[in-house]
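Single-structure report; data block below.
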2 protein chains.
Amino acid sequence: MTRTIILYGLSLAVLIFFLKFIEYRFLVRDLSMEFYVGAVAIFFTALGVWAGLKLTRKKTIIITNPAFQFDQGRLDSLGISKREYEVLELMAKGLSNQEIADKLFVSLNTVKTHSSNLFLKLQVSRRTQAVQKAKELQLIQ
Amino acid sequence: MTRTIILYGLSLAVLIFFLKFIEYRFLVRDLSMEFYVGAVAIFFTALGVWAGLKLTRKKTIIITNPAFQFDQGRLDSLGISKREYEVLELMAKGLSNQEIADKLFVSLNTVKTHSSNLFLKLQVSRRTQAVQKAKELQLIQ
DNA sequence: GGAACCTTCACCCGAAAGGGTGATTCTTCT
DNA sequence: AGAAGAATCACCCTTTCGGGTGAAGGTTCC
């Protein structure tokens with residue numbers, strides 16, 4: 001969020017220079033002020049949309065899934081690593097091991113290893129059970 | 001969405017009148033143009049934030065409400081039979097075909113036939129996809 | 001530097017799943 | 001009575017999954 005604010009500030013700074021430039025051009029050439037103001041309005045509307053979405057994205061995700069909240073602690077307590085979690089997520093989407101491998105740019109064997117470890121940690125023996133259990137444990141969804 | 005656009009348009013109209021008013025005031029009083037442009041910028045930034053959020057909120061609301069209600073009509077429209085639906089439900093619990101067969105007191109081959117037909121009707125090719133899609137279509141869960 | 005862990009990959013083997021076809025029995029609808 | 005669909009089962013074959021083992025490179029921590 002702080003990064004977004006800084007970006008917004010920087011955008012403003014850049015924009016001020018830009019505005020000063022076109023202000024000069026318009027005034028020198030004696031063009032209408034409405035045009036200038038219109039440009040400002042469009043710029044800041046776009047900037048507002050961007051900043052607004054950026055700042056509230058995290059909130060909207062939470063709103064989107066009221067029941068679910070990502071909990072690193074639960075993953076840690078089960079000993080599930082980052083990569084294993086990624087495999088789990090794609091598994092839940094119904095992808096095959098080969099498709100997961102393609103998506104994560106690793107080999108099929110690697111995905112198999114991850115999924116095997118995942119099954120051990122979740123104490124299941126099939127991917128459908130893993131997905132089911134992960135949803136129960138609020139690990140995904 | 002259309003309502004939002006209309007609201008946005010109306011806001012713009014109101015704003016133009018308002019801007020004309022303060023433009024007049026500022027020019028008459030010979031205040032700095034930067035101040036005027038700043039006001040415009042602030043207005044349109046706020047407007048952009050509001051419009052941006054407004055336009056994306058509906059998506060989240062739809063996702064937010066996964067209230068499940070059994071709908072025979074949806075099953076009928078897909079041509080999914082009672083037995084196929086039972087297989088689907090057990091599938092979603094993470095059971096293997098053999099376990100489903102034992103639970104429904106039928107042979108493994110029968111479960112395979114049901115699941116094959118199910119996959120055709122759901123237009124998927126794997127059980128994990130079937131479960132995923134069935135949840136999307138609000139058939140189960 | 002060594003221990004522990006993660007990530008990556010390989011190979012083997014058996015089990016499970018999926019696709020295709022065909023066939024029988026039963027109910028339901030016309 | 002005949003058509004249509006559902007439910008049942010079988011056999012074939014291919015693909016995918018899962019379990020087991022081993023190993024190499026990279027981090028992190030002590």
Side-chain angles (χ1 to χ4, degrees), chain A residues 70-137 139-140, chain B residues 70-137 139-140:
Chain A
F70 181 78
D71 187 354
Q72 185 66 47
R74 261 192 287 261
L75 288 182
D76 291 344
S77 70
L78 290 169
I80 294 173
S81 73
K82 179 168 161 281
R83 210 57 166 163
E84 285 161 1
Y85 184 71
E86 287 173 14
V87 170
L88 176 60
E89 283 180 309
L90 296 176
M91 218 173 243
K93 286 188 181 173
L95 301 195
S96 69
N97 285 340
Q98 185 59 63
E99 288 167 339
I100 295 172
D102 292 343
K103 208 148 207 167
L104 297 181
F105 300 107
V106 295
S107 83
L108 175 60
N109 290 306
T110 304
V111 175
K112 283 181 162 195
T113 304
H114 286 321
S115 60
S116 278
N117 292 331
L118 202 51
F119 296 159
L120 283 178
K121 290 168 184 176
L122 288 176
Q123 300 179 69
V124 296
S125 53
R126 273 183 298 280
R127 55 179 46 223
T128 35
Q129 289 180 332
V131 171
Q132 161 83 356
K133 189 147 191 177
K135 290 191 176 177
E136 272 178 28
L137 296 175
L139 297 178
I140 54 172
Chain B
F70 181 79
D71 186 355
Q72 184 66 45
R74 260 194 286 263
L75 288 183
D76 291 344
S77 69
L78 290 170
I80 294 173
S81 73
K82 181 169 160 283
R83 211 55 166 163
E84 285 161 0
Y85 184 71
E86 287 172 15
V87 170
L88 175 60
E89 282 180 310
L90 296 176
M91 218 174 243
K93 286 188 183 175
L95 301 195
S96 69
N97 284 341
Q98 186 59 63
E99 287 167 342
I100 294 173
D102 293 344
K103 208 149 205 166
L104 296 180
F105 298 108
V106 294
S107 84
L108 174 60
N109 289 307
T110 304
V111 175
K112 283 182 164 193
T113 303
H114 286 322
S115 61
S116 277
N117 292 332
L118 201 52
F119 295 160
L120 283 178
K121 290 168 185 175
L122 288 176
Q123 299 179 68
V124 297
S125 52
R126 272 182 298 281
R127 55 180 45 225
T128 36
Q129 289 181 332
V131 171
Q132 160 84 355
K133 189 148 192 175
K135 290 192 175 178
E136 270 179 29
L137 295 175
L139 299 178
I140 54 172

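Residue numbers start from 1 in every chain, and the chains themselves are labelled A, B, ... in the order their sequence lines are given, proteins ahead of strands. As the structure is a prediction and not an experimental result, all values here were calculated from the model.
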For [N] and [X] - does any side-chain N or O of the residue sit under 4.0 Å from the phosphate oxygens OP1/OP2?
{"X": "A:Ser96", "N": "D:dT15", "result": "no"}
{"X": "B:Ser81", "N": "D:dA7", "result": "yes"}
{"X": "B:His114", "N": "D:dA7", "result": "no"}
{"X": "A:Ser107", "N": "C:dA10", "result": "yes"}
{"X": "B:Thr110", "N": "D:dC9", "result": "yes"}
{"X": "B:Arg127", "N": "C:dG18", "result": "yes"}
{"X": "A:Asn97", "N": "D:dC17", "result": "yes"}
{"X": "A:Arg83", "N": "C:dC6", "result": "no"}
{"X": "A:Asn109", "N": "C:dA10", "result": "yes"}

Within this structure, what is the [atom1]-to-[atom2] distance between [X] and [N], rounded to whole angstrom?
{"X": "B:Lys112", "N": "D:dC13", "atom1": "NZ", "atom2": "P", "value": "13 Å"}
{"X": "A:Lys121", "N": "D:dG18", "atom1": "NZ", "atom2": "P", "value": "16 Å"}
{"X": "A:Leu122", "N": "D:dG19", "atom1": "CG", "atom2": "C1'", "value": "16 Å"}
{"X": "A:Glu84", "N": "D:dG18", "atom1": "CD", "atom2": "C1'", "value": "15 Å"}
{"X": "A:Gln129", "N": "C:dA16", "atom1": "CD", "atom2": "P", "value": "12 Å"}
{"X": "B:Leu90", "N": "C:dA17", "atom1": "CG", "atom2": "C1'", "value": "16 Å"}
{"X": "A:Leu120", "N": "D:dG18", "atom1": "CG", "atom2": "P", "value": "12 Å"}
{"X": "A:Leu108", "N": "D:dG18", "atom1": "CG", "atom2": "C1'", "value": "12 Å"}

Practice item. Test side chain to side chain contact (heavy atoms under 4.5 Å, CB included) on B:Arg127 and A:Thr128 and set out the steps. Key: CA-CA 8 Å; B:Arg127 55 180 45 225; A:Thr128 35; 3.9 Å; yes
Exercise for review: Flag yes if more than 12 heavy atoms outside A:Glu136 fall under 6.0 Å of its CD atom; otherwise flag no.
Suggested key: yes
Point to revise | B:Arg126 vs B:Gly79, nearer the 5' end of DNA chain D by closest nucleotide | key: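 Result: B:Gly79.
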Review point. Just by modelled atom types, is the B:Lys112 backbone N or O under 3.5 Å from a matching donor or acceptor in the B:Ser116 side chain?
Key: yes
Exercise for review: Check every strand shown and say whether A:Thr113 touches a base, only sugar-phosphate, or nothing at a heavy-atom separation below 4.0 Å.
Suggested key: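 Touches a base.
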Check your understanding: Quick one: OH on B:Tyr85 to CG on B:Leu90, what's the gap to the nearest 0.5 Å?
Key -> 10.5 Å
Review point. When you measure from the side chain of B:Phe119, which nucleotide among D:dA7, D:dG19, C:dG18 comes out closest?
Key: C:dG18
Practice item. State whether a side-chain donor-acceptor pair under 3.5 Å links B:Thr110 with B:Ser107. Key: yes
